[in-house]
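Working notes, structure below.
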Amino acid sequence: MPEHEGRMLKTPKGSCLESVKIAIDTGYRHIDGAFVYFNEHEVGQAIREKIAEGRIKREDIFYCGKLWNTCHPPELVRPTLEKTLKILQLDYVDLYIIELPMAFKPGDALYPKDENGKFIYHETDLCATWEAMEACKDAGLAKSIGVSNFNRRQLEMILNKPGLKHKPVSNQVECHPYFTQPKLLEFCRQHDIVIVGYSPLGTSRDETWVNVSSPPLLKDPVLNAIGKKYNKTAAQVALRFSIQRGVVVIPKSFNPQRIRENFQIFDFSLTDEEMKEIAALNKNVRYVELLMWRDHPEYPFSDEY
Ligand code: A2P
């Protein structure tokens, strides 16, 4: 696997197990995972250990898994989810989503490339992939199904599909005070699609995959000043802003103190004025541009939204 993609997605061995256990003890119930994070075995173990301890029941947990780009052909969808369930040692996922609208050549390589180092794409029929996702829900392997990184056109393609059986319940996209997605949020609201915001704290700013020309979110003076008023950090203010406007947040941290910090956002609220002030920080610039795939016919981020 090419170096930058590996670093983008892999977590240090064992850190995920500990972090998920701390998160569950802290009160988190929504766990955002994926096969390509290579740590689903640790997530599954953490959940099982906490169930064995009697701290939670399976139905308290909301696990989201993701269908990777090399598994879009309809006949691969269910076996891919079954593989994830086997790794997790769970009977079902609560949510299964198409991770990206861009199909890659199926096979063992998760990032297939030709001899010139060019990514090998695969013809995508997102509607056919979606029908296979619907079948996973009907079979009880996924309680709900959704998408990620879909733009309005791609969402409409699914919503307008003849014979649509199940609508996507959610669209997971980058969303935070510097990239507030007002139009996509409104469109999704109209269609009862929940926006799940990834990188809600502005990412780890790893230059190999993050657009670091956009300034660091957590250094923002407005977020820090508002935080001071409530005795909260800029991170807590950023998360509170998102949940207060109806965006689900999935902050990532491997640090116990910050895992706890990111959960302490339910004991204060921002005024309408502060919400407006934070919304005005929007720069319409993504941290996660995925430019290496911009020549894919379904690259989602060229369209306006
Ligand atoms: P760490 O794991 O060391 O806590 P995002 O969720 O936007 O992708 O951001 C993840 C990045 O933000 C990680 O690098 C994580 O590092 C860091 N992070 C998570 N929580 C906080 C916080 N409360 N304050 C500052 N940085 C944080």
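Just so you know, ligand 1 is whichever comes first in the structure, and atom 1 is the first atom listed for that ligand.
Taking every non-hydrogen atom of Ser199 and a distance limit under 4.0 Å, the qualifying atoms of ligand 1 come out as 5 (P), 7 (O), 8 (O). Atom numbering of ligand 1 starts at 1 in the shown order; those under 4.0 Å from a heavy atom of Asn255 are 4 (O). Applying the 4.0 Å criterion to heavy atoms of Ala235 picks out, from ligand 1, the atoms 22 (C), 23 (N), 24 (N).
Relative ring orientation between His296 and Phe104 is described as tilted, the plane-to-plane angle lying within the 30° to 60° band.
Between Phe254 and ligand 1, an N or O atom pair is found at a separation short of 3.5 Å. Checked by distance only, ligand 1 and Pro251 stay at 3.5 Å or farther apart across all their nitrogen or oxygen atoms.
Closest to atom 8 (O) of ligand 1, if we only count protein heavy atoms, is Thr203 CA, 3.4 Å. Nearest protein neighbour of atom 24 (N) of ligand 1, counting heavy atoms only, is Arg258 CD, 3.6 Å. Considering only non-hydrogen protein atoms, atom 20 (N) of ligand 1 sits nearest to Asn262 ND2, 3.0 Å. The closest protein non-hydrogen atom to atom 14 (O) of ligand 1 is Ser204 CB, 3.2 Å.
When the heavy atoms of Glu261, Glu174, Lys252, Arg260 are ranked by distance to atom 15 (C) of ligand 1, first place goes to Lys252.
Shown here is Lys105, whose NZ atom has no more than 12 heavy atoms of other residues, nucleotides or ligands within 6.0 Å. For CD of Glu75, the number of neighbouring non-hydrogen atoms (other residues, nucleotides, ligands) closer than 6.0 Å is greater than 12.
A side-chain donor from one of Tyr178 and Asp220 sits under 3.5 Å from a side-chain acceptor of the other. Looking at Asp206 and Thr208, their side chains do bring a donor and an acceptor atom within 3.5 Å of each other.
The shortest heavy-atom distance from Leu218 to ligand 1 is under 4.0 Å.
The salt bridge (charged side-chain N to carboxylate O under 4.0 Å, His left out) test applied to Asp91 returns no partner, not counting sequence neighbours. By the side chain to side chain contact (heavy atoms under 4.5 Å, CB included) test, Ala34 pairs with Val36, Tyr37, Lys66, Glu99, sequence neighbours left out.
Between Phe179 and Tyr287, the distance separating the two ring centers is not shorter than 6.0 angstrom.
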